[in-house]
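Remarks on the structure that follows.
When a ligand or atom number is given, it counts from 1 through the structure's own listing order. Just so it is clear, the model here is predicted, and its values are computed rather than measured.
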Amino acid sequence: MTLNSRTSVLTGPRRLDWTSRAVPQPGAREVRVRVTRIGVCGSDVHYYSHGRIGPFVVNGPLVLGHEVSGVVDAVGAGVTRVNPGDRVALEPGVPCRRCAYCRTGAYNLCPDMTFMATPPVDGALTEYVLWPDDFVYPVPGSVSDDAAALLEPLAVGLWAARRGDVRPGHSVAVLGAGPVGCTTVMAARAVGATTIIAVDLEDFRLDLARQAGATHTLNARHADALAAIRELCAARDGLPLSHAGVDVAFETAGSLPTTRLTLAAPKPGGVAVLVGLPPDPEVSLDIVSAASREVTLRGVFRYANCYPAAVELAASGRVNLDALVTHRFPFTQTPDAFAFADREKRTSMKVMIDVR
Ligand SMILES: [Zn+2]
Ligand SMILES: [Zn+2]
């Protein structure tokens, strides 16, 4: 049985139109999911307002939305992981499973990745989606529909913590306390970081970062964040200011000042992890200081093998993803949700769309 799925489509700058798309019966190893919640991500809003992110350009109609939860509606042949009626989260990126990267488990680097809401692949702002069963994760009743959708940004935070090699007892700085900054705080705490410094320009974001597990918060409007981080770490580690810093610093704001701070904040021998990206590809940074302090710079591109841990952390109550939700819109008001998220970046954290 083919279903008609009401779908929100980006058809031009800041223009979302409604259409109906046919969703067929799932094929072998496919699952048909009735979408319940979509989290609006910064990348969705960027495509909505700018039509591109770096090399990814919107050239035709695009369905946004890649933070997805839903209920299994039908399953195809050979599906054993889930049954109709199961509540699930969808991992939005499906790799080829066959290339050299996939074969070593680094599937986030697969050259043939299909990633929701990245042109030309459609996302999930629709009533029904078909998805391969190995990227569908059942969630228990202790994980809300919102939280199940927000396993996606949590997966980013978990991957960032793995890339940073955060260990028990480490000190970390998270530079930018938006949704991914907060999930990076959650991940750092979950793997045992004991000093977690969150930096942002907005106090309400810093309050949410503290709820997420930050032990210290710094508003960079009112404080010299680098000096404050060094003082705190000098006292903590008994090191002179010249050699003080965090074990791992994370850029999670996508701005030039935070990128600079990410290279400057680690102690000698520490790690700088770029989760966000500065707005311009070519920026001037003090790499001499970073190199002479033996700071290791690591990039982050999405995540691999993080959903199982994300489900466990959310299910056990070790992380509270629901706390990140600040605004909510019904599916029928999807255009308003995007206009709001675009306009109110400074006053909103996570905007959710209730598909049903
Ligand atoms: Zn996202
Ligand atoms: Zn591959």
Side chains of residues 58-68: which donor-acceptor partners sit under 3.5 Å, not counting sequence neighbours?
| from | atom 1 | to | atom 2 | distance (Å) |
| --- | --- | --- | --- | --- |
| Glu67 | OE1 | Lys350 | NZ | 2.9 |
| Glu67 | OE2 | Lys350 | NZ | 3.3 |

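Shown are the protein N/O/S atoms under 2.8 Å from the Zn ion (ligand 2), given by residue and atom: Cys96 SG, Cys99 SG, Cys102 SG, Cys110 SG. For the Zn ion (ligand 1), the set of protein N/O/S atoms nearer than 2.8 Å consists of Cys41 SG, His66 NE2, Glu67 OE2, ordered by chain and number.
Taking a cutoff of 4.0 Å between a charged side-chain nitrogen and a carboxylate oxygen, Arg97 and Asp134 qualify as a salt bridge. With respect to Asp112 and Arg98, no salt bridge is recorded, no charged nitrogen being found less than 4.0 Å from a carboxylate O. Contact check on Glu127 versus Arg34 returns no salt bridge, with no Lys/Arg side-chain nitrogen under 4.0 Å from an Asp/Glu carboxylate oxygen. The residues Asp207 and Arg205 are annotated as not salt-bridged, no charged nitrogen and carboxylate oxygen being separated by less than 4.0 angstrom. Residues Asp286 and Arg260 are not paired through a salt bridge, judged by the lack of any N-O separation under 4.0 Å between the basic side chain and the carboxylate.
Among Thr195, Asp237, Asp247, the one residue that satisfies the side-chain hydrogen bond (donor to acceptor under 3.5 Å, both in side chains) test with Ser171 is Asp247.
Scanning for side chain to side chain contact (heavy atoms under 4.5 Å, CB included) contacts around Pro111 gives Cys99, Tyr101, with sequence neighbours left out.
Taking the six-membered ring for Trp and the full ring otherwise, Trp159 and Tyr307 have centroids separated by 6.0 Å or more.
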